[in-house]
Amino acid sequence: MPSASFPPGFLWGSATAAYQIEGAAREDGRTPSIWDTFSHTPGRTENGDTGDVACDHYHRRAEDVALMAELNLSAYRFSVSWSRVQPTGRGPAVQRGLDFYRGLVDDLLDRGIAPSLTLYHWDLPQELEDAGGWPARDTAYRFAEYAQLVAEALGDRVEMWTTLNEPWCTAFLGYGSGVHAPGRTDPVAVLRAAHHLNLAHGLGTQALRAALPARARIGISLNPSAVRPLTQSAADADAARRIDALANRIFSGPLLHGAYPRDLLADTAELTDWSFVEPGDEATAHQRLDMLGINYYTPAVVSHAEDPGAPRSDGHGASEHSPWPAAESVAFHQPPGERTAMDWSIDPSGLYDLLVRYGREAPDTALYITENGAAYDDKPGADGAVHDPERIAYLHSHLAAVQRALEVGADVRGYFLWSLLDNFEWAYGYGKRFGAVHVDFDTQVRTPKSSARWYAEVARTGTLPEPAGLPEPAGQE
Ligand code: IFM
């Protein structure tokens with residue numbers, strides 16, 4: 001494939017999230033979020049790792065923004081820690097918390113890097129979980145209040161606003177399989193949480209629009225699943241339909257079309273009558289979206305389960321509880337081929353499919369890839385450099401998929417590499433390295449990997465080099 005240019009103005013970004021990088025968990029008035037509680041609970045994370053220090057970004061903000069500039073990033077996606085700016089999830093904001101983000105945004109703008117702010121990346125204030133968490137309706141109203149506080153503080157300088165990151169993970173992993181905070185395992189709570197996240201998005205968007213200047217662009221980042229049936233059989237097609245409803249349409253239904261899909265309601269009818277959806281809620285969730293973020297890593301291959309009791313491997317962590325309510329009849333399969341250190345199969349066509357699908361489903365909404373990347377076991381070599389040719393190949397193949405989607409008309413405006421830094425990979429702790437920049441967690445020394453240099457060149461030129469320009473795999477250099 002010849003080298004090809006991305007459209008002018010295409011954003012070249014990288015992404016992080018507050019709990020994964022900030023550290024400073026008990027400073028300046030911050031109180032515990034559900035992830036502080038969860039990670040401090042024995043047995044919940046690998047090695048008992050926590051985000052107490054993480055990448056110490058709270059104290060190394062300037063150094064990290066300088067690194068972004070060195071890597072030619074034109075945008076940076078970060079999240080705000082709710083319990084840093086509104087510790088109990090209610091009431092007035094804490095100025096010191098807001099000051100940190102204001103300083104970050106100023107540092108970015110000084111360097112010509114567009115800030116892209118996510119309000120919620122999984123770290124609910126613990127007090128709100130104690131009051132019922134996302135399965136409780138009030139949490140959606142608390143979120144809207146928090147959105148307003150942040151908008152009032154930063155709306156003069158941030159144009160890109162995302163309400164929620166990957167609500168699927170919040171609901172299904174946090175309340176279903178329990179591999180994420182708060183670690184609950186209740187299928188009905190999953191569906192209630194999903195609905196209240198949709199409602200929170202709608203109420204939050206209304207609050208943002210009221211507080212922000214007209215130039216602000218507001219959206220949400222989903223992690224839709226590229227679901228494939230294992231075979232062409234009718235049973236496997238139905239398994240794919242069921243997972244598509246639970247993974248994708250449970251969000252895109254209300255957010256893009258103002259209604260939950262009927263098949264989802266029918267599939268889950270034995271669990272709940274969905275009476276927690278009050279009149280007007282779906283319309284509230286259905287706000288104008290200026291942008292839709294797609295987070296993509298790997299596809300899902302499913303079939304009708306011959307043995308519903310068999311252990312399933314859906315790539316979302318080990319738990320005896322399925323994240324998927326009312327889907328005992330579905331089996332998940334590992335596709336053949338290469339995998340990353342997360343054991344996730346590498347298949348850029350899933351990204352292409354999702355961009356084309358959502359481009360058609362939301363034709364007036366700009367699409368961004370708000371996360372894409374891969375974990376590998378990166379280590380500095382004898383020369384101190386970190387060579388990660390696998391990550392370069394992963395990024396190249398996925399950016400080529402973005403180009404193919406652009407060619408068929410998908411309105412993709414930017415790409416955010418996950419992640420800028422190696423960081424706290426939730427229940428996997430620090431063992432899974434997604435960063436373009438290596439972090440030595442003993443010394444906090446940052447070392448850009450060869451993929452960071454490669455990506456910096458793509459960002460500088462706006463052009464994807466020919467595969468022949470890719471570095472040789474490690475050991476052959
Ligand atoms: O690290 C996470 C991120 O917080 C959300 N999306 C997936 C990433 C990799 O697992």
Nearest heavy-atom neighbours spanning E282 and G258 | CB-O, 3.2 Å
Taking side chain as C-beta onward, heavy atoms only, is D314 less than 4.5 Å from P323?
-> yes
Please report the C-alpha distance between Y175 and W134 in whole Å, then the side-chain angles of each, then the deciding distance to 0.1 Å, and finally whether the ring pair (Phe, Tyr, Trp, His ring centres under 6.0 Å) criterion is met.
-> CA-CA 9 Å; Y175 295 93; W134 286 108; 8.5 Å; no
Distance (rounded to the nearest 0.5 Å) between L222 CG and I250 CD1 | 11.5 Å
Out of curiosity, T31 OG1 to R84 CZ, how far, rounded to the nearest 0.5 Å?
-> 10.0 Å
For R30 and D36, what are the C-alpha separation, side-chain angles and deciding distance, and is it a salt bridge (charged side-chain N to carboxylate O under 4.0 Å, His left out)?
-> CA-CA 11 Å; R30 184 183 179 281; D36 294 271; 2.9 Å; yes
Could you check whether the rings of Y260 and W274 sit parallel, tilted or perpendicular, using 30° and 60° as the cut-offs?
-> tilted
Nearest heavy-atom contact between P115 and L108 is CB-CD1, 3.9 Å
Between D353 and R357, is the closest basic N to carboxylate O distance under 4.0 Å?
-> no
Under the criterion salt bridge (Lys or Arg N to Asp or Glu O under 4.0 Å), which of D110, D107, D106 is the partner of R157?
-> D106
Answer whether the closest heavy-atom distance between the side chains of V386 and P380 falls below 4.5 Å.
-> yes
Name the orientation class of the two ring planes belonging to H195 and F276 (parallel below 30°, tilted from 30 to 60°, perpendicular beyond 60°).
-> tilted
Any donor and acceptor pair, going by atom type alone, linking the side chain of N248 with main-chain N or O of S225 inside 3.5 Å?
-> yes
Rounded to the nearest 0.5 Å, how far apart are NE2 of H286 and NE2 of H201?
-> 9.5 Å
Considering only heavy atoms from C-beta outward, does the side chain of V94 approach that of P87 to under 4.5 Å?
-> yes
E152 and Q148, any side-chain heavy atoms less than 4.5 Å apart | yes
R339/E390 under salt bridge (charged side-chain N to carboxylate O under 4.0 Å, His left out): CA gap, chis, key distance, verdict | CA-CA 10 Å; R339 300 186 196 160; E390 305 91 347; over 6 Å; no
Does the separation of the ring centres of W12 and F10 fall below 6.0 angstrom?
-> yes
Nearest-0.5 Å distance that lies between atom CD in Q126 and atom CG in D130 | 4.5 Å
Can you tell if the side chain of Y376 reaches within under 4.5 Å of the side chain of D388, non-hydrogen atoms only?
-> no
Closest non-hydrogen atom pair, G435 against K449 | O-NZ, 2.7 Å
For H316, the option from Y428, W426, W344, W168 that meets ring-ring contact (aromatic ring centres under 6.0 Å, His included) | W168
For the rings on W122 and Y120, is their centre-to-centre separation under 6.0 Å?
-> no
Using a distance-only test with no angle check, is there a side-chain donor-acceptor pair under 3.5 angstrom linking S39 and Y19?
-> yes
Which residues pass the side chain to side chain contact (heavy atoms under 4.5 Å, CB included) test with R209, sequence neighbours left out?
-> T205, I218, R288, D290
Is the side chain of D52 donor-acceptor paired with the backbone N or O of A25 at a distance under 3.5 Å, no angle test?
-> no
Going by the side chain to side chain contact (heavy atoms under 4.5 Å, CB included) test, name the single residue among L208, I220, T162 that passes it with L119.
-> L208
Determine the minimum heavy-atom distance between F424 and D49, stating which atoms define it.
-> CE1-O, 3.5 Å
Determine whether the side chains of D64 and H57 contain a donor N or O and an acceptor N or O closer than 3.5 Å.
-> yes
So how far is it from Y76 OH to L71 CG, rounded to the nearest 0.5 Å?
-> 12.0 Å
Going by distance alone, is a donor N or O of one side chain under 3.5 Å from an acceptor N or O of the other, for S419 and T16?
-> no
Ignoring hydrogens and geometry, is there a side-chain-to-backbone donor-acceptor pair from D138 to A136 under 3.5 Å?
-> no
Trace of the salt bridge (charged side-chain N to carboxylate O under 4.0 Å, His left out) decision for K432 with E46 = CA-CA 10 Å; K432 302 293 181 203; E46 288 287 323; over 6 Å; no
Please answer whether the main-chain N or O of T50 pairs with a side-chain N or O of Y430 as donor and acceptor at a distance below 3.5 Å.
-> yes
Within 45° cone of F78 ring axis and under 6.0 Å: R61 NZ or CZ = no
Using only heavy-atom distances, determine whether the side chains of D281 and T284 contain a donor-acceptor pair under 3.5 Å.
-> no
R413 vs D411, salt bridge (charged side-chain N to carboxylate O under 4.0 Å, His left out): CA-CA, chis, key distance, verdict = CA-CA 6 Å; R413 307 271 182 95; D411 183 11; 2.7 Å; yes
In short, R446 meets Q444 closest at the heavy-atom pair NH1-OE1, 2.8 Å
Got a second to check how far L406's CG is from S5's OG, nearest 0.5 Å?
-> 11.5 Å
Any side-chain heavy-atom pair of M342 and F434 under 4.5 Å | yes
Using the benzene-type ring in the case of Trp, are the ring centres of W82 and W35 under 6.0 Å apart?
-> no
E129 with R184: basic N within carboxylate O range, under 4.0 Å | yes
For the pair T139 (side chain) and P135 (backbone), establish whether a donor and an acceptor sit closer than 3.5 Å, ignoring hydrogens and angles.
-> no
E425 side chain to R433 main-chain N or O, any donor-acceptor pair under 3.5 Å?
-> no
Counting only pairs under 3.5 Å, give me each side-chain donor-acceptor contact of residues 365-373, with atom names and distances, residues two or more places apart or in other chains.
residue, atom, partner, partner atom, Å
T365, OG1, L289, O, 3.2
Y368, OH, R217, NH1, 3.1
T370, OG1, S221, OG, 2.9
T370, OG1, N295, OD1, 2.5
E371, OE1, Y297, OH, 2.6
E371, OE2, R77, NH1, 3.2
E371, OE2, N295, ND2, 3.3
N372, OD1, Y415, OH, 2.7
N372, ND2, Y296, O, 2.7
N372, ND2, Y394, OH, 3.3

